[in-house]
Amino acid sequence: MEGQRPSVGNGIIGRWKTAWASRNSVKTFTIAAFFAVAFSLFILGGRQRNLGGSGTCDFPAVFNFGDSNSDTGGKSAAFHRIPLPNGNTFFQKPSGRYCNGELIIDFIAEKLGLPHLSAYLDSIGTNFRHGANFATGGSTIQRLDARMFKIGYSPISLDIQLSQFEQFKERINERYKEGVNSNIKSKLPRPEDFSQALYTFDIGQNDLDCAFKSMTEKQAIESVPGIINQFAQAVKRLHNQGARTFWIHNTGPIGCLPFEVLDYPQQHENVDQNGCLRSLNEIAHEFNRQLKDSVIQLRMQFPDAALTYVDIYSAKYSLISDAKHHGFANPLGYCCGHHRDNLCWRKKTSNGTEISATPCSNPSAYISWDGIHYSYAANLWVANKVLDGLVSDPPTPITEACHRSLNL
């Protein structure tokens with residue numbers, strides 16, 4: 001007992017009892033600690049499962065929103081068919097894509113074990129069982145106004161794409177309630193798929209391009225918060241529809257697009273070491289910074305959702321900066337068409353005869369396919385960089401994008 005001195009005769013026995021008691025105390029503490037940790041891990045594991053757990057996600061469908069960087073046939077179906085040589089390298093026919101082959105959205109579908117997404121607006125050969133693509137070439141986050149229409153952007157802006165999605169979902173639910181035969185069901189997503197699907201975004205480039213063409217640089221910078229706010233509203237709108245997993249691409253280095261470089265005066269102070277336009281890339285950086293901040297805020301607002309911010313800019317600029325090392329030619333060159341004369345996505349009429357643009361002999365050597373859009377080979381390189389989570393926040397592979405971080 002504390003404060004009681006043991007007798008000399010009982011000294012050894014007393015020390016032995018004290019040691020035994022200490023060992024028992026340590027043992028008891030160790031066992032208690034073990035169970036406490038085990039219980040904590042059990043609770044944490046349960047929380048992780050509620051927040052998405054770990055391991056591969058089983059996405060039954062993908063719903064995509066965007067512009068020509070992820071359009072798999074929307075604009076082609078709605079306005080004019082994109083002719084050969086577009087699609088020639090991979091599809092061996094016009095595919096509705098502004099590319100000679102696959103886009104990053106195609107590689108996303110493949111990575112998830114799903115077929116390529118059918119364009120929502122395409123009425124021929126569509127199958128929406130594993131999702132739909134609402135992206136259309138020329139689309140913007142902002143709703144089209146007279147200024148943007150004059151420049152030539154698509155009227156199918158992001159809010160219109162969302163309206164199309166909402167109608168699509170509503171009609172799917174109606175069909176299932178009414179009862180549909182197995183043949184129709186095989187081409188439609190199930191009502192429960194909408195909450196389990198992956199929602200992807202690749203849009204914003206045209207908003208910035210429009211700002212460059214119609215505003216001063218200062219005005220263009222000042223327009224960014226409004227654009228980002230409209231994007232955030234789109235995510236909230238989808239969340240209200242039950243969407244829970246978002247994969248959000250930022251905008252690429254638009255100052256490195258060959259057509260942009262050709263359009264702007266070549267002032268030495270405005271050109272970086274790769275020949276890209278600093279002023280355009282700076283506003284792209286500002287757009288991306290504010291987009292990332294918005295994604296962080298959305299995570300806090302919707303803790304039941306998983307939002308992955310994907311730094312497409314870094315991946316693309318890395319490729320451009322070290323093009324030769326990766327097997328590409330001049331990063332500011334392009335394969336198909338001629339600037340403002342014989343565009344790769346439009347047939348030219350000469351003496352009453354329609355003439356398609358002539359591509360280069362080796363498209364895989366070019367980062368840019370047509371001066372604005374990336375080539376099949378470049379899209380593959382970028383996809384390999386981003387789909388494994390190498391440039392994402394959080395650094396999560398797309399196959400695990402349904403999991404929410406505990407550190408929101």
Side-chain angles (χ1 to χ4, degrees), residues 47-48 50-54 57 59 61-67 69-70 104-105 108 131 134-135 139-143 157-166 169 193-208 223-252 283-315 386-387 389 391-408:
R47 187 180 177 193
Q48 284 179 329
N50 290 333
L51 294 176
S54 59
C57 304
F59 294 116
V62 175
F63 296 103
N64 181 66
F65 305 86
D67 52 33
N69 288 311
S70 61
I104 294 175
I105 187 63
I108 287 176
F134 299 89
S139 290
T140 53
I141 293 173
Q142 307 165 87
R143 176 167 285 194
S157 52
L158 182 57
D159 66 319
I160 301 299
Q161 294 179 29
L162 293 176
S163 295
Q164 292 172 341
F165 167 80
E166 289 166 347
K169 181 186 175 187
D193 290 343
F194 289 95
S195 62
Q196 300 170 15
L198 176 68
Y199 291 79
T200 56
F201 291 88
D202 194 331
I203 194 166
Q205 178 174 305
N206 291 325
D207 295 85
L208 300 185
S223 72
V224 171
I227 299 171
I228 296 299
N229 180 62
Q230 290 183 57
F231 179 84
Q233 294 305 315
V235 173
K236 293 176 184 179
R237 192 167 158 185
L238 284 172
H239 185 271
N240 289 339
Q241 287 287 325
R244 291 297 180 268
T245 305
F246 302 89
W247 182 266
I248 301 167
H249 291 182
N250 67 11
T251 197
I283 193 172
H285 270 299
E286 180 58 22
F287 174 91
N288 292 339
R289 184 189 68 78
Q290 294 189 33
L291 177 63
K292 186 174 183 179
D293 287 345
S294 180
V295 170
I296 292 171
Q297 292 170 13
L298 287 165
R299 285 192 194 126
M300 293 187 289
Q301 188 171 352
F302 301 121
D304 62 338
L307 296 100
T308 304
Y309 171 86
V310 185
D311 192 359
I312 286 286
Y313 185 104
S314 292
V386 304
L387 297 185
V391 293
S392 298
D393 176 29
T396 305
I398 196 167
T399 53
E400 300 175 16
C402 65
H403 306 317
R404 271 78 81 193
S405 171
L406 291 173
N407 297 317
L408 299 174

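- Here the closest non-hydrogen pair linking A284 and Y313 is CB-CE1, 4.1 Å.
- With values rounded to the nearest 0.5 angstrom, Q297 atom CD is found 12.0 Å from L307 atom CG.
- The structure places OG of S157 at 8.0 Å from CD1 of I203, a figure rounded to the nearest 0.5 Å.
- For the pair Q142 (side chain) and I227 (backbone), a donor-acceptor distance under 3.5 Å is absent.
- Of all the heavy atoms in D393 and R299, the pair that sits closest is O-NH2, 2.6 Å.
- L158 and A234 make their closest contact through CD2-CB, 3.6 Å (heavy atoms, listed as atom of the first residue, atom of the second, distance).
- A donor-acceptor contact shorter than 3.5 Å is absent between the side chain of N206 and the backbone of T140.
- Inter-residue side-chain proximity for F246 and L238 is flagged as met; some heavy-atom pair is nearer than 4.5 Å.
- In this structure, the side chains of S392 and W247 come closer than 4.5 Å at one or more pairs of heavy atoms.
- Contact annotation: the side chain of N69 never approaches that of I104 to less than 4.5 Å [non-hydrogen atoms, C-beta and beyond].
- Residue I228 is tested with L291, D207, D293, N288 for a side-chain contact (heavy atoms from CB on, under 4.5 Å); the sole match is L291.
- Under 3.5 Å, the side chains of T396 and R404 contain no donor-acceptor pair of N or O atoms.
- Between the R244 side chain and the H239 main chain, a donor and an acceptor come within less than 3.5 Å of each other.
- For the atom pair N229 CG and I141 CD1, the distance stands at 11.0 Å (nearest 0.5 Å).
- The main-chain N or O of I312 is found under 3.5 Å from a side-chain atom of N250 such that the two form a donor-acceptor pair.
- In summary, the aromatic rings of Y199 and F165 are positioned with their centroids under 6.0 Å apart.
- F134 contributes atom CZ, which lies 9.0 Å from atom CG of L162 (distance to the nearest 0.5 angstrom).
- A 4.5 Å side-chain heavy-atom check between I248 and F231 finds at least one atom pair inside the cut-off.
- Side-chain atoms of K169 come within 3.5 Å of backbone atoms of Q241 as a donor-acceptor pair (strictly under, hydrogens ignored).
- The nearest pair of heavy atoms linking D67 to G204 is OD2-N, 3.9 Å.
- Residue L298 holds its CG atom at 6.5 Å from NZ of K236, rounded to the nearest 0.5 Å.
- F59 is linked by a ring pair (Phe, Tyr, Trp, His ring centres under 6.0 Å) to nothing, counting only residues two or more places apart in sequence or in another chain.
- For the 3.5 Å distance criterion, the side chains of T200 and N64 qualify, holding a donor opposite an acceptor.
- Residues passing the salt bridge (Lys or Arg N to Asp or Glu O under 4.0 Å) test with D193 are R129, R190, sequence neighbours excluded.
- Of all heavy-atom pairs between Q161 and S139, the closest is NE2-OG, 3.3 Å.
- Put simply, the side chain of R237 reaches to within 4.5 Å of the side chain of D159, judged on heavy atoms.
- The shortest heavy-atom contact between G131 and A61 is N-CB, 3.7 Å.
- Separating the SG atom in C402 from the CG atom in L198 is a distance of 9.5 Å, to the nearest 0.5 Å.
- By the 4.0 Å N-to-carboxylate-O rule, R289 lies close enough to E286 to be salt-bridged with it.
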